[in-house]
Protein chains: 2
Amino acid sequence: MDKNNIRKATLGRLPMYLKYLESLPQEENSYISAPKIARALGLGDVQVRKDLGCVSRTGKPKLGFKTDELIESLKKHLRTNKTVNAVVVGAGKLGRALAAFEGFSQYGVEIIASFDKREVVVEDDQTMTVLPMSKFDSFCRDNNVQIGIITIDEESTQQICNQMIQAGITAIWNFTPYPLKTPEGILCKNENLALSLAHLSNQLLIINQENTHGNT
Amino acid sequence: MDKNNIRKATLGRLPMYLKYLESLPQEENSYISAPKIARALGLGDVQVRKDLGCVSRTGKPKLGFKTDELIESLKKHLRTNKTVNAVVVGAGKLGRALAAFEGFSQYGVEIIASFDKREVVVEDDQTMTVLPMSKFDSFCRDNNVQIGIITIDEESTQQICNQMIQAGITAIWNFTPYPLKTPEGILCKNENLALSLAHLSNQLLIINQENTHGNT
């Protein structure tokens, strides 16, 4: 099953291929070649050939890929046929930003609810429902939620993480600076935005220092 | 200057070391050893030794580091003595979330303003000033802004990027899905949150498939 583990950069280009192919006139039994796609999207031939090789093995020399089959393969890899449900815990600014973000659906993930520890959440945002944590477990089980996103500000992150695993969630996206302990079989991705910015700032200062030293 | 290019994971632990050292009673000429720090923070000896070796060369065998010197080195590497100014363009949910985020200051970066293309922005958020884009150039020059964060929703990302470079910004943190063209010497970090979630979802489905196949 390892071949399904598509690199992040490749995955990032798949929606673009899909969008382009779906924009073409739909003709039965039509073929499309990697170089043609590359030209249309301003990418390199080799890159497109490699990317498409990850999603489909049906390309034929000289002819290329059957357009409709390639569209289906892309959709399959982008999971647009079968949405994965996610929930956000934490209805602060970041949590609300993520819940309202429209970019996730193109990769087959939908954030279907937000939760907050406050039992009564007054929220008149049109796009989101904020539920109290007391409903977390039953909601996740009823809706087959597989991904949990943590955006709370406090140190109770581990407790939220445990509650998620308890409710059947198997992948956690952690936006807090607190590292999580998860049992084997649970995926955990830490997204430390402060650290990302710090790293950028650090690189910047190194460049500035180099320039200063170069000029003296 | 390459030794200053601290790895992101190491950088992520520096605030923790600093916080711990600052919590100790301040005694003149006191020394602290890597194993003592490791024990206090629940980390491995080797890791702490390696991390501290990146920020200071003054550790002495058996004695360890002079506490006050180590604190200064950590502060220097975390740039807490000299803040780097950043601005956010886009006052939507994500932009506001980033502008309100408190975690950046511990790494010496401060988001000092937000901008939006709307000339008049009505915003009663206590923590943030939203300025019109017409003031972008002069504001960035007057305040020596070095980092620009783009969180707008549209395809005008490249135009905003050009405006940032024009205003003297040398590092760009791009939260849009649109790739940017930047001249040499400009740092650019793309933060595609949709793609991060997609990658997590993809790994999850591979695991599920493996389990299904394993059970049949």
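We name chains A, B, ... by the order of the sequence lines, and we start the count at 1 in each one. Note that the structure is predicted; figures quoted are calculated from it, not measured. Because only heavy atoms are used, hydrogens play no part in the values below, and waters and symmetry mates are left out as well, while side chains stay in.
- No side-chain heavy atom of A/Ile150 sits under 4.5 Å from any side-chain heavy atom of A/Phe175.
- Between B/Arg57 and B/Glu69, none of the side-chain N atoms (NZ, or NE/NH1/NH2) sits under 4.0 Å from a carboxylate O, so this pair counts as no salt bridge.
- The greatest number of non-hydrogen atom pairs below 4.5 Å with chain B, out of A/Leu78, A/Thr170, A/Leu98, is found for A/Thr170.
- In A/Lys36, the NZ atom is not crowded: 12 or fewer heavy atoms of neighbouring residues, nucleotides or ligands sit closer than 6.0 Å.
- A/Phe115 pairs in a side chain to side chain contact (heavy atoms under 4.5 Å, CB included) with only one of the listed residues (A/Ile160, A/Ile152, A/Leu131), which is A/Leu131.
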- Query: Passes side chain to side chain donor-acceptor pair (under 3.5 Å), A/Asn143 versus A/Asn85? Steps please.
  - Reply: CA-CA 8 Å; A/Asn143 294 281; A/Asn85 287 339; 5.5 Å; no
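- Heavy-atom distances place no part of B/Thr151 under 4.5 Å from chain A, backbone and side chain included.
- Within the 4.5 Å cutoff, the side chain of A/Asp116 has no heavy atoms near those of the A/Val89 side chain.
- Applying a 4.5 Å heavy-atom cutoff, the residues of residues 7-18 of chain A that approach chain B are A/Lys8, A/Leu11, A/Gly12.
- At least one side-chain heavy atom of A/Leu21 sits less than 4.5 Å from a side-chain heavy atom of A/Ile37.
- Among the candidates A/Ser201, A/Ala86, A/Gly185, A/Ser196, the residue making the largest number of heavy-atom pairs closer than 4.5 Å to chain B is A/Ser196.
- Side-chain N/O atoms of A/Gln47 and A/Asp51 include no donor and acceptor closer than 3.5 Å.
- When each of B/Ile147, B/Asn192, B/Ile149 is checked for heavy-atom pairs under 4.5 Å with chain A, B/Ile147 comes out on top.
- Side-chain contact check for A/Cys161 versus A/Asn174: every heavy-atom pair is 4.5 Å or farther apart.
- Chosen from B/Val84, B/Leu197, B/Leu94, B/Leu187, the residue pairing most often with chain A at heavy-atom distances under 4.5 Å is B/Leu197.
- Only the backbone of A/Ile172 comes within contact range of chain B, with heavy atoms under 4.5 Å apart.
- What you find for B/Ala38 and B/Asp45 is that their closest heavy atoms are CB-OD1, 3.5 Å.
- The closest donor-acceptor contact from the side chain of B/His77 to the backbone of B/Ser73 lies under 3.5 Å.
- Annotation: residues 103-111 of chain A contacts chain B through A/Gly103, A/Phe104, A/Tyr107, A/Val109 [non-hydrogen atoms, separation under 4.5 Å].
- Surrounding CD of B/Gln166 are at most 12 heavy atoms belonging to other residues, nucleotides or ligands under 6.0 Å away.
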